[in-house]
Chemist: 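Handing you this structure, nothing more for now.
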There are 2 protein chains.
Amino acid sequence: MPAKLADVARLAGVSPATVSRVLNGNYPVARTTADRVHRAVAELHYVVNGNARALAASSSDLIGVLVHDVADPFFGVIATGIQDAMSEGDVLAVVCNTGSSAERELRYLKLLRKQRAHAVVLTGGSVNDPGHRTALLEQITEFTSTGAHVVLCGRPPLTGDDDPVPGVIRVDFDNSEGARRLTAHLVALGHRDIGYLTGPETRTTSRLRLDGHLQALSEAGLSEERCPVVVSGFDRESGRAGVGELLRRHPGITAVVAGNDIAALGALAELRARGIGVPDQISVAGFDDLPCAFDAVPSLTTVRIPLMEAGRTSGLFALDASRAPAGGVLPIRTELMVRDSTGPVPR
Amino acid sequence: MPAKLADVARLAGVSPATVSRVLNGNYPVARTTADRVHRAVAELHYVVNGNARALAASSSDLIGVLVHDVADPFFGVIATGIQDAMSEGDVLAVVCNTGSSAERELRYLKLLRKQRAHAVVLTGGSVNDPGHRTALLEQITEFTSTGAHVVLCGRPPLTGDDDPVPGVIRVDFDNSEGARRLTAHLVALGHRDIGYLTGPETRTTSRLRLDGHLQALSEAGLSEERCPVVVSGFDRESGRAGVGELLRRHPGITAVVAGNDIAALGALAELRARGIGVPDQISVAGFDDLPCAFDAVPSLTTVRIPLMEAGRTSGLFALDASRAPAGGVLPIRTELMVRDSTGPVPR
DNA sequence: CATCGGACAGAAAACGCTTTCCACAGAGTG
DNA sequence: CACTCTGTGGAAAGCGTTTTCTGTCCGATG
C-alpha cells in the first residue's frame with residue numbers, strides 16, 4: 001500500500017536507480033533531476049522500506065541495547081546516553097529488558113542477530129554462571145563473525161582471562177578501585193567496624209566492588225572479624241534486610257557500605273525505622289550516584305560513575321567501531337562523592 | 001557471511017521452500033525431512049534474516065515505543081510492562097527517547113515507518129502544540145493507512161474532539177479524576193489553603209491534572225485566591241523552586257499538591273531545607289506513585305497509576321489490535337494512596 | 001485395474017531496494 | 001576532426017525470504 005521507489009521514479013520521470021541515488025546521495029545526480037525526485041517523494045509521502053534497503057545493501061541501522069532493567073535509573077541513564085549518541089544518524093536503538101535472566105539475554109541476542117543488527121551494546125554486570133558464559137560467548141562470536149560489533153558497557157570481560165575478544169569493545173567501569181576509595185574514606189574517618197552489604201552473588205559487579213572493599217580493609221590492616229560481609233542484593237528490600245542482619249551479627253559496626261545506591265537507600269530506611277542516627281551513630285554509603293542518592297535524607301555518600309557519558313561513548317563505538325581506542329578498552333573513572341550520610345566515627 | 005536459507009537447503013538435501021516451511025511450520029512437511037532440516041540449521045547456526053523475511057512476507061516484528069525519557073521511572077515502568085507483553089512472541093520492542101521534543105518524536109515515527117514497524121506505542125502526555133498536533137496526526141495516519149496500529153498509553157486523544165481515529169487504540173489514564181480525588185482528600189483533612197504546582201504547560205497531562213484539582217476546589221467551594229496555582233515542571237528542581245514561589249505568594253498555605261511525584265520530592269526537599277515540618281505544618285502530595293514516592297521521607301501521599309499493567313496491556317494491543325475493547329479506549333483506574341506526607345490541617 | 005484425492009516437495013515469481021555495468025551526451029585535447 | 005574523459009542516467013542482476021503454482025508418488029476407491 002505505501003508508495004515504493006518505483007512509484008516515485010515514475011512520478012519523477014526517472015529510473016528507480018536515480019531515485020535511490022538521490023536519496024542516498026552517494027552518486028552524482030544533476031541538481032534539476034534531484035529536485036524533481038524530491039518533489040515526487042514529498043508528494044507521495046514516500047519513506048524507504050528499511051527492510052528492503054537492509055537486504056539489498058546488506059547493512060542495517062538497528063542497534064541493540066541489552067539492559068537488566070529499564071525501570072532502574074542506572075540503566076535508564078545509560079540508555080539515554082546511548083540514544084543520545086544515536087541521534088547523530090538515522091539509527092534505531094532497540095532497548096531490550098533481560099530482567100537479569102540469562103535465558104532472555106540469549107534470546108534477545110538471537111533476535112538481534114536475526115534482524116542483522118549493526119551492533120549490540122551489553123550493559124551492566126553479567127550473570128555469573130559458567131554455562132551462561134560460554135553460551136554468551138558463542139552468541140557474541142556469531143555476531144562479530146558477521147562483522148557486527150559488540151560493546152560491553154560496564155560489563156566484565158567475556159573471557160575469564162583478560163584477553164581481548166576481536167570485535168568486542170569494552171567501556172569499563174572501575175568498580176573495584178571506586179569501592180576501594182570509598183572504604184578508604186570511611187577508614188580515614190576513623191571507622192574500624194565497617195559492615196558490607198554485597199550485591200547478588202550471581203552478578204559480577206557485586207564481586208568487583210566487594211574486592212575493592214576488601215582491599216581497602218587489608219590496606220588499613222582491619223580484621224575481617226570486625227568487618228562483616230553480608231550477601232544481600234541490589235534492591236531496596238535487600239538493603240533493608242541486610243542491615244538488620246549486619247546489626248545482629250556485629251552490633252558494634254559504625255559504618256555500612258552497600259553494593260549500590262538502591263540497597264543503601266533500603267539500609268537508610270531501616271536505620272531510620274530503628275531510630276539509629278545517620279551519620280551520628282552509623283555512617284552509610286552506596287555506589288553509582290544515581291539521582292536518588294542526592295535526594296536521600298541524609299544525602300548519600302557514594303561513588304559516582306558517569307553513566308550518561310559512558311552510555312554516550314558506548315553508543316558512538318556501536319555506531320562506528322573505529323572510534324574505539326586501541327586495545328578495545330576504554331576505562332571510565334569513578335569519583336568519590338562525599339555527602340551527608342558519612343561522618344566521623346562516634347566516640 | 002552468515003549461513004542463508006539456501007545453505008541449509010543444500011546441506012539438508014531439500015529445496016529452500018521446504019526449509020522455509022519447516023521453520024515457519026505453516027505447511028505440512030514429513031517428519032523425517034523436518035528433522036534433517038533442523039539438524040542442518042543447528043549445524044550451520046542458521047538464523048533467518050529478519051529483513052529478507054519482512055520483505056518477502058511484508059510483515060515485520062518490530063514494535064516502536066516512544067517515551068519522553070527512559071531514565072524516568074514513570075516511563076521505565078511502562079516500558080517494562082510493554083516488553084513483558086512482547087516476550088510472548090519473537091518481537092522486538094524499540095524504545096525511543098523523544099526527550100519531550102516534538103521534532104524528535106516525528107523523526108522517530110518516520111524512522112519506525114521506514115522499518116515498517118508492526119505497531120507503535122506512544123506513551124505519556126503529548127506535546128501540547130497545535131502545529132505539532134497536526135504533524136503528528138499526519139504521521140499517525142500514514143501509519144494506520146498501511147495497516148499498522150497505534151496505541152496511545154496515557155496519552156490524550158489525537159484530535160481535540162474525542163472521536164476515535166481508526167486504527168488508534170487508547171489506554172487512558174484518568175488523570176483528572178485522580179487529581180480530583182487527591183485534592184478532595186486534602187479538603188477532607190480540613191485544608192482550605194492548598195497550593196498547586198502544575199507541570200509544564202506544554203504537556204497535556206499537566207492540564208488534565210490541574211483540571212481535576214480545580215474541580216475539587218470548586219466542589220468544595222474554595223476560592224482560587226486561597227489556592228494559588230504555580231506553573232512549575234515535572235522535575236525535581238521545578239518542584240523545589242515552585243514551592244518557594246508558592247510560599248512567597250501565599251505564606252498561609254497548609255498543603256501543596258504537585259503535578260507528579262518527582263516535583264513533590266523536590267517540594268519535600270525545599271520544605272525540609274526551610275525547616276518546615278511535613279505533614280505537621282504543610283501537607284504534600286504527588287501523582288503517579290513511583291517507587292520513590294514510597295521511599296520518600298515522609299512517604300508520599302499520591303495517586304497510583306498501575307503503570308506496569310497499563311504498559312502490558314498496551315503491549316498486548318500492539319501485538320494484536322483485535323484484543324482492544326470496542327470503541328478503542330481502555331480506561332485505567334487510578335487509586336489514591338494515602339501515606340505520611342499528608343495530615344490534618346494544623347491549628 | 002484405471003483413477004483419484006492427499007500428502008508432500010520443488011520451481012519460480014515476487015518483495016522493494018542497491019549497485020555494478022553500460023550507454024550516451026558534450027567538453028576538452030592532440 | 002577523431003578521440004578520450006566527465007558527468008549523468010538507465011538496465012538489470014542480485015539481496016534472502018515467502019508463497020503461489022505445479023507436479024509426483026501412494027494408498028484408497030469404484
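All chains are named by letter (A, B, ...) in the order of the sequence lines, taking the proteins before the strands, and each is independently numbered beginning at 1.
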Chemist: Counting only side-chain heavy atoms from C-beta out, which of C/dT18, D/dT19, D/dG10 sits nearest to A/Thr18?
Modeler: D/dG10
Chemist: Could you check which of C/dT18, C/dG16, D/dG16 has an atom nearest any side-chain atom of B/Asn49?
Modeler: D/dG16
Chemist: Give the rounded distance in Å between these two atoms: CG of A/Leu23 and C1' of C/dT18.
Modeler: 12 Å
Chemist: If you check the B/Arg21 side chain, which of C/dC17, D/dG9, D/dT20 turns out closest?
Modeler: D/dT20
Chemist: From C-beta outward on A/Lys4, which listed nucleotide comes closest to its side chain: D/dT18, C/dC17, C/dA11?
Modeler: C/dC17
Chemist: Any idea which of C/dT18, C/dG16, D/dT18 is nearest the A/Leu55 side chain?
Modeler: C/dG16
Chemist: Taking only the side-chain heavy atoms of B/Asn26 (C-beta and beyond), determine which of C/dC17, D/dT19, D/dG10 contains the nearest atom.
Modeler: D/dT19
Chemist: Please pick, from C/dT18, D/dG10, D/dT18, the nucleotide with the shortest atom-to-atom distance to any side-chain atom of A/Asn24.
Modeler: C/dT18
Chemist: Are B/Ser15 and B/Thr18 close enough that a side-chain donor and a side-chain acceptor fall under 3.5 Å?
Modeler: yes
Chemist: Counting only side-chain heavy atoms from C-beta out, which of C/dG10, D/dA12, C/dG16 sits nearest to A/Ala52?
Modeler: C/dG16
Chemist: Kindly say whether, by distance alone, the side chain of A/Tyr27 makes a donor-acceptor pair under 3.5 Å with the base of D/dG9?
Modeler: yes
Chemist: Any luck finding a side-chain donor-acceptor pair between B/Gln115 and A/Asp61 under 3.5 Å?
Modeler: yes
Chemist: Is any side-chain N or O of B/Ser58 closer than 4.0 Å to OP1 or OP2 of D/dT18?
Modeler: no
Chemist: Check for me whether A/Arg323 meets the cation-pi criterion with A/Phe317, that is, NZ or CZ under 6.0 Å from the six-membered ring centre and within 45 degrees of the ring axis.
Modeler: no
Chemist: Among the nucleotides D/dT8, C/dT19, C/dG10, which one has an atom lying closest to any side-chain atom of A/Pro28?
Modeler: D/dT8
Chemist: Would you indicate what A/Ala30 reaches in the nucleic acid, counting non-hydrogen atoms under 4.0 angstrom: base, sugar-phosphate, or nothing?
Modeler: sugar-phosphate
Chemist: Side chain of A/Ala57: nearest nucleotide among D/dG9, C/dA12, C/dT18?
Modeler: C/dT18
Chemist: Step through it carefully: locate the ring centre of A/Phe75, locate the ring centre of A/His68, and say whether they are under 6.0 Å apart.
Modeler: yes
